[in-house]
Amino acid sequence: MRGADGNMHISIHYASYEEKGSDVNLASHVLIDILEKRVDAAVVISNDGDLRHPLVFARTRVPVGLINPSRRPTSQMLKGEMSDGVGGHWWSRLTAIDFKQNQLPMTVGNETRPTGW
């Protein structure tokens with residue numbers, strides 16, 4: 001592109017997203033706990049649509065609560081019906097007020113909350 005000074009300028013935008021595998025780890029642990037009958041219910045805090053299939057399976061065995069921690073609407077891929085599988089499932093979305101009302105004190109042990117939190 002040509003700048004205001006008449007010279008050619010190159011503008012580059014680079015975005016990189018690294019997969020941490022946290023959704024796979026979460027799904028694995030939830031399913032293992034359910035299959036080994038370690039839990040009577042599960043609560044998942046996520047809005048990652050990649051968890052759709054594990055949650056659909058989980059709902060066939062135990063009630064599942066889903067908490068959306070993001071500002072975005074709860075993923076349609078994660079929603080089911082309250083009566084799916086064993087039933088008793090529920091959904092909730094955290095708000096900024098929820099986060100503010102549930103922070104730790106300014107100081108915990110030797111640690112102090114960062115300014116602006």
### Message
Donor-acceptor pair, distance only, cut-off 3.5 Å: does the side chain of R93 make one with the backbone of R71?
### Response
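Confirmed, R93 side chain pairs with R71 backbone.
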### Task
Kindly say whether V30 contributes a backbone atom to a donor-acceptor pair with the side chain of D33 at under 3.5 angstrom?
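No; zero donor-acceptor contacts below 3.5 Å.
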### Query
Of all heavy-atom pairs between L78 and G49, which one has the smallest distance, and what is that distance?
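Closest approach of L78 to G49: CD2-CA, 4.1 Å.
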### CD (E81) with more than 12 external heavy atoms under 6.0 Å
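Counting other residues, nucleotides and ligands, CD of E81 stays at 12 neighbours or fewer.
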### Message
Quick check on N102: does its CG atom have over 12 non-hydrogen neighbours (other residues, nucleotides or ligands) under 6.0 Å away?
### Response
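For N102, atom CG is crowded (more than 12 foreign heavy atoms under 6.0 Å).
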### Pair S28-N25, side chain to side chain donor-acceptor pair (under 3.5 Å): steps then yes or no
CA-CA 5 Å; S28 298; N25 293 332; 5.5 Å; no
### Query
Hey, mind stepping through D84 and H89 against side-chain contact (heavy atoms from CB on, under 4.5 Å) and telling me if it holds?
CA-CA 8 Å; D84 286 348; H89 316 295; 4.1 Å; yes
Would a hydrophobic clustering, with Ile, Leu, Val, Met, Phe, Trp and Tyr connected at side-chain separations under 4.5 Å, put [X] with [Y]?
X: W90; Y: I45; value: yes
X: V43; Y: L51; value: no
X: L31; Y: V39; value: no
X: L66; Y: L26; value: yes
X: V62; Y: V44; value: yes

If you define the side chain from C-beta out and look only at heavy atoms, does anything of [X] sit under 4.5 Å from [Y]?
X: P63; Y: V86; answer: yes
X: T107; Y: R113; answer: no
X: L35; Y: F57; answer: yes

### Task
Could you please spell out the steps behind the side-chain contact (heavy atoms from CB on, under 4.5 Å) verdict for I32 and R38?
CA-CA 8 Å; I32 289 168; R38 293 184 196 160; 4.3 Å; yes
### Task
For S70 and N68, run side chain to side chain donor-acceptor pair (under 3.5 Å): C-alpha distance rounded to whole Å, both residues' side-chain angles, the deciding distance at 0.1 Å, then the answer.
CA-CA 6 Å; S70 74; N68 173 4; 2.8 Å; yes
